[in-house]
Asker: 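Mind having a look at this structure? Questions to follow.
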Amino acid sequence: MAMRLSLDDVRNRINELLEVNVKIEPSKFNNQLVAVFTKNTMAWRNLTTLFAGRDSYDTFELPPVLFETPREIQLEFMRGFADAAATPSRADYAQFGAGAPVLHRIVLQVQHNNWILPIQICRMLQVHLDVPVQHILWGHPNMRDPHNRGKQWAKEHRIRIYAENFMPVGFRFAFKQQILQEMASHNEGQGGSRRAACNPLAKHRVRPKTKHPEEKSKRLPEALRRKHFNAYFQICKALGCSQGTPSNQLVLIQEL
């Protein structure tokens, strides 16, 4: 019932913005919001222009104009993205050492074939909305199978944010927002997280990872193929991330 009420709210919002009839199509495993444009309306032309003709998860990128819009619109977009790309769960947490506090995280998932969108989402969060990203767990063999044990590595990319840091964005779905608030309260009760955002250009000390035969896989973009990475931020930098400024900072990265 909570899901249906939330979907009705989203559907009404889309109807209001696009002036198009949006249907909710439930299935055994998910619910889809389907909008059918029967004419070449202004809303349809605006959408195709903004998205530069991209119509799949594999190729979708954030429209450049989104980085120049008011903060309220950026928050609205990120909230909608989170509603679709995140399911708050206490199963994803950080714990730095035995006996250390458990800190819950929100995870934004991105289709594996899309290696650009995680960089853009991270930039939107950190630079424009002041929401620090803990790290990105890339669907890369060095990150998903760091010890070369034959584990499945070509999985979704996971953008991880501590729950209390994600509160300024939050969810439009009420039941997800409630879970987020509970997770954030837990983290704050444990002393909270380190707020410092990722800085790929800083100097880091990292734990070396084993060379992996899949480093040359065609499932990796050319910018990463035939290269070895010891930490997620090295992948971010190779993909063009330019956040942060060089420094003498030494950080021990633990991939969890």
Asker: For this output row, return yes or no: ring centroids of Tyr162 and His104 closer than 6.0 angstrom.
Answerer: no
Asker: Following the transitive rule for hydrophobic clusters with a side-chain heavy-atom cut-off under 4.5 Å over Ile, Leu, Val, Met, Phe, Trp and Tyr, establish whether Ile73 and Leu50 coincide in one cluster.
Answerer: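 Same hydrophobic cluster.
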Asker: Not counting sequence neighbours, list each pair that qualifies as a salt bridge (charged side-chain N to carboxylate O under 4.0 Å, His left out) and has a residue in residues 58-72.
Answerer: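 Matches after skipping sequence neighbours: Arg54-Glu61.
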Asker: Mind checking side-chain contact (heavy atoms from CB on, under 4.5 Å) for Ala238 and listing every partner two or more places apart, or none if nothing turns up?
Answerer: Leu224, Phe229
Asker: Sort and list the pairs that fulfil side chain to side chain donor-acceptor pair (under 3.5 Å) and have at least one residue in residues 82-92, not counting sequence neighbours.
Answerer: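 Matches after skipping sequence neighbours: Arg90-Glu182, Asp92-Arg105, Asp92-Arg158, Asp92-Arg160.
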Asker: Would you say Val169 and Ile179 are hydrophobically clustered, going by side-chain heavy atoms of ILVMFWY under 4.5 Å?
Answerer: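 Looking at the clustering, Ile179 is in the same group as Val169.
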Asker: Quick check: do Ile136 and Phe233 have side-chain heavy atoms less than 4.5 Å from each other?
Answerer: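 No, side chains not in contact.
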Asker: Tell me, please, which residues at least two apart from Ile14 pass side-chain contact (heavy atoms from CB on, under 4.5 Å).
Answerer: Val10, Leu18, Val22, Leu33
Asker: Side chains of Met124 and Phe77, heavy atoms from C-beta outward: is any pair under 4.5 Å?
Answerer: no
Asker: Only counting residues at least two apart or in another chain, list the ones meeting side-chain contact (heavy atoms from CB on, under 4.5 Å) with Asn12.
Answerer: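 If we apply the side-chain contact (heavy atoms from CB on, under 4.5 Å) test to Asn12, skipping adjacent residues, the hits are Asn15.
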Asker: Distance check, rounded to the nearest 0.5 Å: Arg79 atom CZ versus Gln177 atom CD?
Answerer: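 Atom-to-atom, Arg79:CZ and Gln177:CD are 8.0 Å apart.
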Asker: Starting from Leu62, can I reach Ile116 by hopping between I/L/V/M/F/W/Y residues whose side chains sit under 4.5 Å apart?
Answerer: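 No, Ile116 and Leu62 fall in different hydrophobic clusters.
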Asker: Mind listing the closest non-hydrogen atom pair of Gln152 and Ala154 along with its distance?
Answerer: NE2-N, 3.3 Å
Asker: So, does Arg123 use its side chain to make a donor-acceptor pair with the main chain of Cys241 at under 3.5 Å?
Answerer: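 It does not hold such a pair.
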Asker: Determine, using the 4.5 Å side-chain heavy-atom cutoff (strictly less than), whether Leu75 and Val127 are members of one ILVMFWY cluster.
Answerer: no
Asker: Testing the basics here: between Leu137 and His135, what is the closest heavy-atom pair and its distance to 0.1 Å?
Answerer: N-CD2, 3.7 Å
Asker: With a 4.5 Å limit on heavy-atom distance, are the side chains of Asn148 and Pro213 in contact?
Answerer: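 They are in contact (side-chain heavy atoms under 4.5 Å apart), so the answer is yes.
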Asker: For Ala100, does its backbone N or O pair with a side-chain atom of Gln95 as donor and acceptor, under 3.5 Å?
Answerer: yes
Asker: Can you sort out the partners of Phe81 under ring-ring contact (aromatic ring centres under 6.0 Å, His included), two or more places apart, ordered by chain and number?
Answerer: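 Phe81 satisfies ring-ring contact (aromatic ring centres under 6.0 Å, His included) with no residue once adjacent residues are dropped.
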Asker: Supply the atom-to-atom distance His147 NE2 to Asn142 CG, rounded to the nearest 0.5 angstrom.
Answerer: 11.5 Å
Asker: Between CG of Leu125 and CD1 of Ile159, what distance do you get to the nearest 0.5 Å?
Answerer: 7.0 Å
Asker: Are Asn113 and Ser56 close enough that some pair of their side-chain heavy atoms sits under 4.5 Å apart?
Answerer: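 Answer no - side chains too far apart.
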Asker: Report yes or no: does Glu188 contribute a side-chain atom to a donor-acceptor pair with the main-chain N or O of Glu164 at less than 3.5 Å?
Answerer: no
Asker: Let me confirm one number: the CD1-CG distance from Ile121 to Leu117, rounded to the nearest 0.5 Å.
Answerer: 4.5 Å
Asker: Strictly distance-based, threshold 3.5 Å: is any side-chain N or O of Lys176 a donor or acceptor partner for the main-chain N or O of Gly170?
Answerer: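 No.
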Asker: Is the backbone of Thr69 close enough, under 3.5 Å, to the side chain of Gln74 for a donor and an acceptor to pair up by distance?
Answerer: yes
Asker: Check whether more than 12 heavy atoms from other residues, nucleotides or ligands sit under 6.0 Å from atom CZ of Phe37, and answer yes or no.
Answerer: yes
Asker: Using a 4.5 Å cut-off on heavy atoms from C-beta on, say whether the side chain of Ile161 contacts that of Leu108.
Answerer: yes
Asker: Under a 4.5 Å cut-off applied to non-hydrogen side-chain atoms, are Gln190 and Val102 in contact?
Answerer: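 Of all side-chain heavy-atom pairs linking Val102 with Gln190, none is under 4.5 Å.
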Asker: Treat each ILVMFWY residue as a node, draw an edge where side-chain heavy atoms are under 4.5 Å apart, and state whether Phe175 and Phe166 are in one component.
Answerer: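 Same cluster: Phe175 reaches Phe166 through Ile, Leu, Val, Met, Phe, Trp or Tyr contacts under 4.5 Å.
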Asker: Between Val20 and Ala35, what is the shortest heavy-atom contact and its length?
Answerer: CG1-CB, 4.1 Å
Asker: What pair of heavy atoms forms the shortest contact from Ala163 to Leu180, and how long is it?
Answerer: O-CD1, 3.5 Å
Asker: Under 4.5 Å between side-chain heavy atoms, chaining through other members, with only Ile, Leu, Val, Met, Phe, Trp and Tyr counted: pull out the rest of the cluster around Val107, sorted by chain and number.
Answerer: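 So far as hydrophobic clustering goes, Val107 is joined with none.
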Asker: May I ask you to decide whether Lys151 forms a salt bridge with Glu214, counting only side-chain N to carboxylate O separations under 4.0 Å?
Answerer: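 No, Lys151 and Glu214 are not salt-bridged.
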Asker: With side chains defined as the heavy atoms from C-beta onward, is the minimum distance between Gln243 and Gln126 less than 4.5 Å?
Answerer: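 Counting from C-beta outward, Gln243 and Gln126 do come under 4.5 Å.
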Asker: Looking only at heavy atoms, which two atoms of Asn230 and Met143 are closest? And how far apart?
Answerer: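 Asn230 and Met143 have their closest heavy atoms at C-CE, 4.0 Å.
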Asker: The criterion is side-chain contact (heavy atoms from CB on, under 4.5 Å); which residues satisfy it with Lys211, sequence neighbours excluded?
Answerer: Glu215, His228
Asker: Considering all heavy atoms of both residues, which atom of Asn40 and which atom of Arg45 are nearest to each other, and what is their separation?
Answerer: O-NH1, 2.5 Å
Asker: For Val34, what are the other residues in its hydrophobic cluster, where any two members join if their side-chain heavy atoms are less than 4.5 angstrom apart?
Answerer: Val36
Asker: Between NE2 of His140 and CD of Gln234, what distance do you get to the nearest 0.5 Å?
Answerer: 10.0 Å
Asker: Measuring only between side-chain heavy atoms, which start at C-beta, is Leu103 closer than 4.5 Å to Tyr93?
Answerer: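 Side-chain contact under 4.5 Å: no.
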Asker: With sequence neighbours excluded, give me every ring pair (Phe, Tyr, Trp, His ring centres under 6.0 Å) pair touching residues 106-126.
Answerer: His112-Trp115, His112-Trp153, His112-His157, Trp115-Trp138, Trp115-His157
Asker: Going from CD1 on Ile106 to CE on Met167, what distance comes out if it is rounded to the nearest 0.5 angstrom?
Answerer: 10.0 Å
Asker: Would you please name every residue forming a salt bridge (Lys or Arg N to Asp or Glu O under 4.0 Å) with Arg172, sequence neighbours left out?
Answerer: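 Arg172 satisfies salt bridge (Lys or Arg N to Asp or Glu O under 4.0 Å) with Asp9, Glu76 once adjacent residues are dropped.
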Asker: For Glu222, enumerate each residue passing the salt bridge (Lys or Arg N to Asp or Glu O under 4.0 Å) test, keeping only those at least two apart in sequence or located in another chain.
Answerer: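 Result, salt bridge (Lys or Arg N to Asp or Glu O under 4.0 Å) vs Glu222: Arg225, Arg226.
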